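First the structure, in the form of structure tokens, and then the observations on it.
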Amino acid sequence: MRRKCHATLKPESTRPVNSTFLKLALDTPLDQVFDYRWVPEREDEAPPEIGQLALVPFGRRETSGVIIDVVHQSDVPPEKVKEVLAVRRNLPPLSGQWLSLCRFAADYYQRPLGEVMVPALPKNLRAGTPVSLERALKRLAKLHAAPDPTPVAAQELNAGQRQAVEAIAVAPGFAPILLHGVTGSGKTEVYLQTAACLLQRAQAAGQPAQVLILVPEINLTPQLEQNIRARFPGLPLATLHSGLAEGERLTHWLAAHLGQASIILGTRLAVLASLPHLKLIIIDEEHDPSYKQQEGLRYSARDLAIWRARQLDIPVVLGSATPSLESWQHAQSGRYRRIDLHERAVRNAVLPTVRLIDMERDKPSEGITSTLIGAIKARLEKGEQTLLFLNRRGYAPVLSCDACGWVSNCPRCTAFMVLHKPEHRLRCHHCSLEQRIPRSCPTCGNVDLQPMGRGTQRVEEGLQQMFPQARILRIDADSTRLKGSAQAAFDTVHRGDVDILVGTQMVAKGHDFQRLTLVGVLNPDTALFSHDYRAGERLFAQLMQVAGRAGRAGQQDGGNPSEVWIQTRYPQHPLYGAVMAHDYARFAAGLLEEREQAGLPPYMHQALLRAEARELQEALDFLSTAAGLMDHPGITINEPIPMTLTRVANTERAQLLIECVSRPALQAFLREWMKALRAARTRVRWSLEVDPVDI
DNA sequence: AGCACGCCGACT
DNA sequence: GTCGGCGTGCTC
């Protein structure tokens with residue numbers, strides 16, 4: 001009440017000298033900050049601080065934002081300026097370093113500041129409802145008091161690992177280190193001992209310290225979390241990933257923000273956490289595409305992590321058996337330091353033997369060649385496990401009618417409806433439309449509709465017929481839809497209650513299955529001829545990764561190394577040659593040469609303007625107009641083209657590729673271009689992606 | 001993006 | 001006569 005009087009006291013007079021305005025970053029697509037008037041409740045109330053959160057009226061609703069400045073003057077007409085509803089006082093303000101990180105991300109990816117900052121904070125902090133920090137803190141104490149598993153001593157390091165730990169630990173200031181080593185070379189041990197080293201040193205110096213460990217997928221957090229807890233009993237650990245409930249997320253975020261968690265383990269979103277005492281960043285499987293956010297703010301968590309390390313002048317470790325070409329090239333040029341782990345650190349372990357099966361000679365039945373069937377049989381007899389990898393879920397990618405040529409097209413997308421047999425459904429993997437499986441052909445009435453091609457469900461069915469006694473388990477996005485079911489499935493495999501595991505890329509990452517001695521790769525060839533120039537790189541990484549799943553059961557008894565069989569129609573393809581030789585360096589050298597000649601990343605910097613409309617022509621026209629909006633010396637703007645998957649959910653999509661050899665020049669152009677595009681109001685939905693990965 | 005206002009078609 | 005379609009406009 002009193003506030004109202006104050007506000008209307010003398011609207012025409014000069015502003016009071018002591019009036020206070022807050023500049024707020026709000027979660028809105030409008031690229032601007034918003035000024036609000038702040039009035040003290042009591043005479044002696046101190047003004048809010050930069051980095052605190054404020055609740056404000058915005059349009060007809062209430063929203064909260066981050067205070068990015070506190071000023072005594074506003075350029076906004078006084079009648080438009082509204083008053084702050086509340087300031088969250090019971091939270092230490094977000095640091096200047098965190099604000100700079102967000103400012104950089106907003107600037108680099110061309111998004112409004114508030115759209116970066118606000119979604120990076122737990123919803124429960126944003127809401128107007130008061131959050132009792134005490135109760136949060138109590139939960140935190142509980143979190144730390146969780147019974148730790150039996151402590152596990154640090155493993156003895158081999159020469160390569162020791163060199164890596166020392167190099168990282170003594171690194172002065174900003175030091176990007178590419179840790180290159182195959183599965184089983186002991187990268188995790190290097191992470192753990194490096195973290196231990198830094199934390200101990202900080203503790204000895206009486207300094208608080210935090211280590212951020214990023215992993216590509218939620219599925220990988222429980223395993224690593226267990227490792228960390230076993231190694232560091234009692235050490236406060238926070239986890240951050242999208243699987244957390246809001247309450248949990250708040251608790252863990254607070255543990256990080258208040259500096260109480262020493263180790264923060266998380267997926268890409270954790271890179272935007274507030275970490276006041278950050279001293280080391282570790283990015284596991286740094287090449288993994290999951291580090292790229294594919295909607296909203298399309299950031300690369302790896303790139304932001306590196307920026308963050310530079311900002312804080314701390315080391316950052318990028319670990320991978322198959323580094324991204326960007327990182328590999330930086331290592332070649334000397335910008336990153338490369339450390340190779342040559343040996344397999346696990347005792348007696350040798351690399352699995354990788355062999356090809358020529359599908360032209362050995363015709364598969366039920367998608368599996370006789371060679372592979374024989375190898376599976378041998379494993380069943382010895383009580384060992386087999387993993388069959390097929391990156392295609394569902395029963396069959398398309399249902400068709402032999403009589404008239406009808407195929408199960410999605411009515412809303414330029415894609416097939418995928419047959420899901422256990423669910424008795426046709427399902428579009430792009431718009432999620434579902435239909436019953438038609439009994440007969442919708443065009444000609446033929447009752448004999450044929451599934452074409454093969455997904456994990458069909459392979460599972462075929463295996464059940466071939467090996468009726470075997471315990472077969474399928475792990476893919478469909479079989480693990482329920483929360484916790486993925487973990488349960490992996491546990492079943494680890495317990496040894498599975499003979500044959502069939503899975504998509506979900507099974508390719510992270511898990512070591514001790515009794516697994518055979519990996520079969522069913523249909524990798526499609527990636528060889530993809531229009532996406534990164535498909536080969538991804539396939540190579542995937543094959544190396546899935547090959548690494550083979551455990552050491554046979555070897556510990558002095559048996560043969562594990563086997564990997566790849567079924568292919570192109571056994572001469574150089575990619576497979578490099579996989580068989582476990583030779584990433586050769587493969588990368590070849591790709592880098594191709595990329596340089598073709599003018600592709602990492603020798604070129606790209607951005608992609610995407611447009612969506614009801615009619616394709618509208619989208620293309622918009623892109624043409626956008627292309628002609630500004631002069632662009634030194635910048636290549638290509639022809640607008642329809643996207644490969646042109647229509648999704650009845651929306652036609654097109655894109656425009658922008659290229660420049662200079663990143664700063666591209667950034668400068670994009671900044672001006674976005675300003676111009678935002679000013680030109682259009683009916684077409686559009687978005688910009690900087691450093692796109694799927695072209 | 002939300003969330004309003006505003007002006008034309010099928011219903012209790 | 002209203003309910004409601006989504007076109008246009010604004011958010012300190």
Side-chain angles (χ1 to χ4, degrees), chain A residues 3-4 6-9 11-12 14-16 18-40 47-88 99 102-103 105-106 109-121 123 126-128 272 293-299 412 609-615 618-619 621-622 625 648-653 674-675 677-689:
Chain A
R3 295 184 207 178
K4 265 253 158 71
H6 185 96
T8 52
L9 193 63
E12 300 304 319
T14 51
R15 292 189 194 96
N18 60 351
S19 65
T20 304
F21 298 94
L22 307 183
K23 288 192 179 293
L24 290 189
L26 302 176
D27 186 10
T28 157
L30 301 167
D31 193 16
Q32 56 187 273
V33 293
F34 293 86
D35 292 8
Y36 286 86
R37 183 178 291 106
W38 178 79
V39 182
E49 290 174 51
I50 291 174
Q52 287 184 318
L53 306 182
L55 182 71
V56 292
F58 187 63
R60 253 143 275 236
R61 62 208 167 98
E62 287 179 6
T63 190
S64 58
V66 180
I67 301 172
I68 58 161
D69 211 352
V70 181
V71 294
H72 296 289
Q73 217 177 316
S74 171
D75 298 333
V76 179
E79 69 278 8
K80 290 184 102 178
V81 178
K82 294 182 187 171
E83 202 171 297
V84 173
L85 297 171
V87 174
R88 186 172 291 292
L99 298 176
C102 293
R103 214 168 255 132
Y109 294 108
Q110 308 290 337
R111 306 290 300 200
L113 188 55
E115 256 189 16
V116 178
M117 288 183 168
V118 178
L121 304 170
K123 276 205 180 73
R126 292 183 245 155
L272 289 173
Q293 167 83 304
Q294 288 294 25
E295 52 195 31
L297 176 77
R298 293 174 171 245
Y299 63 95
R412 310 195 299 187
L609 184 66
R610 293 207 177 85
E612 296 183 359
R614 241 18 208 284
E615 300 295 329
E618 276 185 87
D621 289 346
F622 162 79
T625 311
V648 168
N650 284 331
T651 305
E652 304 283 342
R653 300 138 18 114
M674 286 302 103
K675 248 184 238 164
L677 265 177
R678 273 192 272 259
R681 292 172 37 243
T682 52
R683 289 189 301 126
V684 173
R685 270 170 63 103
W686 57 270
S687 65
L688 180 81
E689 176 158 7

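A, B, ... follow the sequence lines: proteins, then strands. Residue 1 opens every chain. Small disclaimer: the values here were computed from a predicted structure and weren't measured.
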(request) Among the candidates dG2(B), dC12(C), dA4(B), find the nucleotide nearest to the side-chain atoms of Arg61(A). (result) dG2(B)

(request) Could you label the plane-to-plane angle of the Phe58(A) and Phe34(A) rings as parallel, tilted or perpendicular, counting under 30° as parallel and over 60° as perpendicular? (result) perpendicular

(request) Mind calculating the distance between CD (Glu115(A)) and C1' (dT11(C)) to the nearest angstrom? (result) 14 Å

(message) Which is more 5' along DNA chain B, the nucleotide nearest Arg60(A) or the one nearest Pro29(A)? Just name the residue.
(response) Pro29(A)

(message) Without decimals, in angstroms, what is the distance between Glu62(A) CD and dC3(B) C1'?
(response) 14 Å

(message) If I compare all heavy atoms of Leu272(A) with all of Ala120(A), which pair ends up nearest, and what's the gap?
(response) CB-CB, 4.0 Å

(message) Whole angstroms only, please: what is the CG-P distance between Leu55(A) and dC12(C)?
(response) 13 Å

Identify the pairs formed between an N or O of the protein and an N or O of nucleotides 3-9 of chain C at a distance under 3.5 Å, and give each distance.
unit_1 : atom_1 : unit_2    : atom_2 : d
dG9(C) : OP2    : Arg681(A) : NH2    : 2.6

(message) Looking at every non-hydrogen atom in both residues, tell me the closest pair between Glu115(A) and Pro29(A) and how far apart they are.
(response) OE2-CA, 3.5 Å

(request) Take atom CD of Glu295(A) and atom P of dA1(B), then tell me their distance rounded to the nearest Å. (result) 13 Å

(message) Could you tell me how far apart Leu30(A) (CG) and dG2(B) (C1') are, to the nearest whole angstrom?
(response) 11 Å

(request) For Gln32(A), report the nucleic acid contact type (base, sugar-phosphate, nothing); a contact means any heavy atom under 4.0 Å. (result) base

(request) Between dA4(B), dA1(B), dC12(C), spot the one nearest the side chain of Phe34(A), thanks. (result) dC12(C)

(request) Take atom CD of Glu615(A) as the centre, draw a 6.0 Å sphere, and report whether it contains more than 12 heavy atoms from other residues, nucleotides or ligands. (result) no

(request) Please tell me which of the listed nucleotides, dC12(C), dA1(B), dA4(B), lies nearest to the side chain of Phe58(A)? (result) dC12(C)

(message) Over all strands shown, is Tyr36(A) touching base, sugar-phosphate only, or nothing at heavy-atom distances under 4.0 angstrom?
(response) sugar-phosphate

(message) So which atom in Val118(A) and which in Gly65(A) form the shortest heavy-atom distance, rounded to 0.1 Å?
(response) CG2-CA, 4.3 Å

(message) Does dT11(C) have its OP1 or OP2 closer than 4.0 Å to a side-chain nitrogen or oxygen of Lys80(A)?
(response) yes

(message) What is the separation between atom CG on Leu24(A) and atom P on dT11(C), rounded to the nearest whole Å?
(response) 16 Å

(request) Please report the closest heavy-atom contact between Val66(A) and Gly51(A), naming both atoms and the distance. (result) CG1-CA, 4.3 Å

(request) For the pair Tyr36(A) (side chain) and Leu85(A) (backbone), establish whether a donor and an acceptor sit closer than 3.5 Å, ignoring hydrogens and angles. (result) no

(request) Grab the CG-P distance between Asp27(A) and dG2(B) for me, whole Å please. (result) 8 Å

(request) Round to a whole Å and report the spacing from CG of Leu26(A) to P of dG2(B). (result) 13 Å

